[in-house]
> 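The following block contains the structure, expressed as structure tokens.
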Amino acid sequence: MPETLLSDANQRLEKALRYVTMDPDVAARLHYPKASLIVSIPVRMDNGTLRVFQGYRVRYDDSRGPTKGGVRYHPSVTLDEVQSLAFWMTFKCAVLNLPFGGAKGGITLNPKELSKFELERLTRGYVDAIADFIGPDIDIPAPDVYTNAMVMGWMMDQYSIIRRQITPAVVTGKPVTMGGSLGRETATAMGAFFVMQTAMQRLGQNPANTTVAVQGFGNAGSIIAELLSKAGYRVVAVSDSKGGVYAKKGLDIPSIRRFKEASRGLKAVYCEGSVCNIVEHDVITNEELLELDVDVLVPAALENQITKDNADRIRARYIFEVANGPVTSDADEILNRKGIQVFPDILTNAGGVTVSYFEWVQNRSGSYWPLEKVNRKLEQSMNAETDHIWAIAQELSVDLRTAAYIHALNRLGEAISARGTREFYLT
Ligand code: NAD
């Protein structure tokens with residue numbers, strides 16, 4: 001495990017900086033977050049007791065525009081994690097050429113232990129605590145692990161109460177009835193799907209002969225599994241926090257998704273119901289899933305899943321990082337040596353923030369787009385940036401992650417330099 005996640009993230013930056021001509025002062029700024037806020041959120045629980053939760057919001061860099069990034073509710077949320085996620089958002093927005101900087105937020109808790117009312121009070125308390133740090137022209141939250149459209153709706157409502165004006169553009173990933181964009185919920189997976197289709201064409205890999213394992217069966221993981229399955233790929237394994245299932249012949253992903261949604265729990269993924277009786281399957285652990293002999297591995301859960309401890313045992317030929325930071329930098333080296341191609345998070349999962357940008361544009365213009373337009377524009381953006389990164393990788397003989405960082409650094413460097421030197425004068 002790296003010393004800190006942020007120091008690990010910075011190693012990717014260091015590597016890419018070797019290929020970019022950049023003022024060292026500009027490069028130095030990118031190693032540190034612009035501002036980090038730590039808040040305490042007192043919440044009245046349903047039983048009348050008071051619990052105080054710890055929350056964070058980090059704005060990493062706003063040279064290219066207001067900062068943008070999701071909010072995560074998870075027991076392992078720390079300031080280091082939130083800073084690293086904000087770092088990745090900075091580079092991701094630059095890769096997709098969005099007029100945004102990077103940010104991230106989180107609250108340290110297990111949301112499964114709270115009632116819906118408690119979660120709503122917690123969310124409103126979080127917005128009260130960070131209200132001066134966010135805004136449509138400052139910093140715009142969105143969903144991430146264990147937050148969703150409902151939570152974003154509460155955030156927008158609370159912010160509007162505080163400001164005494166309806167402010168839909170303060171948050172993206174909202175319910176459509178509150179100004180959310182069509183296609184936002186599927187955007188992360190859809191974006192990853194476009195990257196994968198482009199890559200598979202270039203690699204001459206036919207979907208029908210391609211086996212896939214997906215780790216994480218939430219918003220991003222379950223939707224990409226279904227998109228791939230519908231496009232003819234053989235999805236042989238999926239998992240969630242409690243474990244996974246494997247079927248050599250391929251799993252019935254639409255049924256598993258339906259079951260999971262209906263049960264509102266995770267049982268369907270272990271096939272306790274009738275769904276998986278259709279296909280014989282084995283119950284596997286998350287570790288086993290990562291090490292399966294498949295063509296494509298899609299980590300879509302949390303960071304630090306492929307490290308120097310298990311990288312040698314990875315047998316997939318291609319890894320598409322739908323999660324943020326699932327591969328550590330020391331694991332990168334091992335995977336590169338083994339010839340495993342990694343399609344990096346800052347490209348692969350950028351569909352979410354791209355459609356978040358579309359949502360923000362729609363909120364500000366008051367004009368709403370049909371789903372076809374959202375998906376068409378998403379496809380254009382994802383394909384164009386995939387091609388760009390592919391070309392950089394070929395030209396400089398670097399791996400795709402380094403190519404993506406170089407691509408982002410060029411855009412970030414220009415934006416930072418264009419702002420002038422005010423902050424560098426000695427007094
Ligand atoms: P989610 O809360 O909808 O789903 C998370 C899934 O991961 C759940 O199925 C959960 O059971 C599973 N999980 C948790 N711990 C696990 C573990 N140790 N092993 C295996 N599975 C585990 O979250 P999401 O929005 O789908 O986000 C998943 C990843 O995608 C995160 O890294 C997130 O940052 C990234 N991402 C999400 C979006 C988005 O728009 N939602 C955008 C970009 C990146």
Side-chain angles (χ1 to χ4, degrees), residues 5 68-77 81-82 84-89 91-93 95-96 98 102 104-106 110-112 141-152 171-174 180-181 183-192 195 213-226 237-245 256-257 260-261 264-270 284-290 297-307 310 320-327 344-359 378 382:
L5 263 179
K68 187 90 192 73
V71 178
R72 177 175 291 197
Y73 288 177
H74 195 271
S76 68
V77 166
E81 183 187 59
V82 178
S84 313
L85 288 160
F87 169 98
W88 288 318
M89 283 306 299
F91 287 82
K92 194 183 301 181
C93 291
V95 161
L96 264 293
L98 307 177
K104 205 78 182 189
N110 181 355
K112 293 176 195 167
D144 192 70
V145 174
Y146 295 152
T147 56
N148 56 16
M150 178 178 70
V151 175
M152 295 307 115
V171 168
T172 58
K174 301 176 290 291
S181 177
R184 174 60 185 88
E185 201 150 295
T186 52
T188 301
M190 188 80 93
V195 173
V214 181
Q215 185 202 38
F217 206 68
N219 171 285
S222 69
I223 299 175
I224 184 105
E226 184 157 342
V238 297
S239 69
D240 66 10
S241 58
K242 304 252 171 63
V245 285
I256 294 181
R257 274 198 77 204
K260 181 165 168 157
E261 270 161 28
R264 297 190 133 257
L266 307 164
K267 284 187 187 142
V269 179
Y270 315 117
I284 55 170
T285 64
N286 268 298
E287 293 70 35
E288 286 166 342
L289 180 140
L290 294 173
L297 177 61
V298 181
L302 297 173
E303 55 271 2
N304 279 342
Q305 297 302 301
I306 302 173
T307 66
N310 62 355
F320 287 82
E321 293 184 327
V322 168
N324 284 303
V327 177
D345 45 9
I346 59 171
L347 168 69
T348 307
N349 71 29
V353 69
T354 303
V355 176
S356 272
Y357 165 58
F358 298 162
E359 181 171 327
L378 175 64
M382 297 305 297

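All heavy atoms count here, side chains included; hydrogens, waters and symmetry mates do not. In listed order, ligands and their atoms are each counted from 1. Count residues from 1 along the sequence.
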> May I ask you to check whether Q305 has an N/O atom sitting below 3.5 Å from an N/O atom of ligand 1?
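No; every N/O pair is 3.5 Å or more apart.
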
> At under 4.0 Å between heavy atoms, is it the side chain or the backbone of N286 that contacts ligand 1, or both, or neither?
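The answer is the side chain of N286.
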
> Measure P326 to ligand 1 on non-hydrogen atoms and call it side chain, backbone, both or neither using the 4.0 Å cut-off.
neither

> Please work out whether any backbone atom (N, CA, C, O) or any side-chain heavy atom from C-beta onward of E185 is under 4.0 Å from ligand 1, and answer side chain, backbone, both or neither.
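Answer for E185: neither.
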
> Numbering the atoms of ligand 1 from 1, which are under 4.0 Å from a heavy atom of A220?
26 (O)

> Short N/O distance, under 3.5 Å, between S241 and ligand 1?
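N/O-N/O distance under 3.5 Å: yes.
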
> Counting heavy atoms only, which of L85, T188, V355 comes nearest to atom 42 (C) of ligand 1?
T188

> About how many Å separate CG of L98 and OG1 of T354, when rounded to the nearest 0.5 Å?
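Between atom OG1 of T354 and atom CG of L98 there are 4.5 Å.
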
> Once side chain to side chain contact (heavy atoms under 4.5 Å, CB included) is applied, do any residues pair with A237, and if so which ones, sequence neighbours excluded?
A213, Y246, I284, L289, L292

> Please say whether D144 places an N or O atom under 3.5 Å from an N or O atom belonging to ligand 1.
yes

> Below 3.5 angstrom, do we get any N/O pair linking N324 and ligand 1?
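Yes.
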
> I'd like to know if the side chain of Q215 and the backbone of P299 have a donor-acceptor N/O pair within less than 3.5 Å.
no

> Do L96 and V353 come close enough that some side-chain heavy atom pair is under 4.5 Å?
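Contact flag for L96/V353 side chains = no.
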
> Using distance alone, with no hydrogens and no angle criterion, decide if K104 and S84 have a side-chain donor and acceptor under 3.5 Å apart.
no

> Would you mind reporting whether Y73 and V145 have side-chain heavy atoms less than 4.5 Å apart?
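With C-beta onward as the side chain, the pair stays apart.
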
> Any side-chain to backbone donor/acceptor pair from E359 onto G173? Under 3.5 Å, distance only.
yes

> Judging by distance only, is a nitrogen or oxygen of A301 under 3.5 angstrom from one on ligand 1?
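Yes, since at least one N or O of A301 sits under 3.5 Å from an N or O of ligand 1.
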
> If you measure from each non-hydrogen atom of V145 to ligand 1, which part falls under 4.0 Å: side chain, backbone, both or neither?
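The answer is both, backbone and side chain.
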
> Nearest non-hydrogen contact with atom 8 (C) of ligand 1 belongs to which option: G221, G218, P111?
G218

> Side chain of N219, backbone of E185: donor and acceptor closer than 3.5 Å?
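Side chain of N219 to backbone of E185, a donor-acceptor pair under 3.5 Å: yes, one is there.
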
> Judging by distance only, is a nitrogen or oxygen of R184 under 3.5 angstrom from one on ligand 1?
yes

> Within the structure, does P143 bring an N/O atom to less than 3.5 angstrom of an N/O atom in ligand 1?
no

> Counting from 1, what ligand 1 atoms have a heavy atom of D240 closer than 4.0 Å?
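Per the distance check, 9 (O), 11 (O), 20 (C), 21 (N), 22 (C).
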
> Do any nitrogen or oxygen atoms of G352 come within less than 3.5 Å of a nitrogen or oxygen of ligand 1?
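So ligand 1 has no N or O lying under 3.5 Å from an N or O of G352.
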
> Just one of E303, K92, R72 clears the side chain to side chain donor-acceptor pair (under 3.5 Å) bar with N324, so which one?
K92

> Looking only at heavy atoms, is any part of N148 under 4.0 Å from ligand 1, and if so is it the side chain, the backbone, or both, or is it neither?
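None of N148 does.
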
> Between K242 and N286, is there a side-chain donor-acceptor contact under 3.5 Å, judged purely by atom types and distance?
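Result is no, nothing qualifies.
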
> Among side-chain atoms of T172 and R184, is any donor-acceptor pair under 3.5 angstrom?
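No, no side-chain donor-acceptor pair sits under 3.5 Å.
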
> I need the single residue from D144, V355, N349 that forms a side chain to side chain contact (heavy atoms under 4.5 Å, CB included) with T188. Which is it?
N349

> For ligand 1, is any non-hydrogen atom under 4.0 Å from R72's backbone (N, CA, C, O), its side chain (CB onward), both, or neither?
side chain

> So is there a nitrogen or oxygen of Y146 less than 3.5 Å from a nitrogen or oxygen in ligand 1?
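Yes, at least one N or O pair falls under 3.5 Å.
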
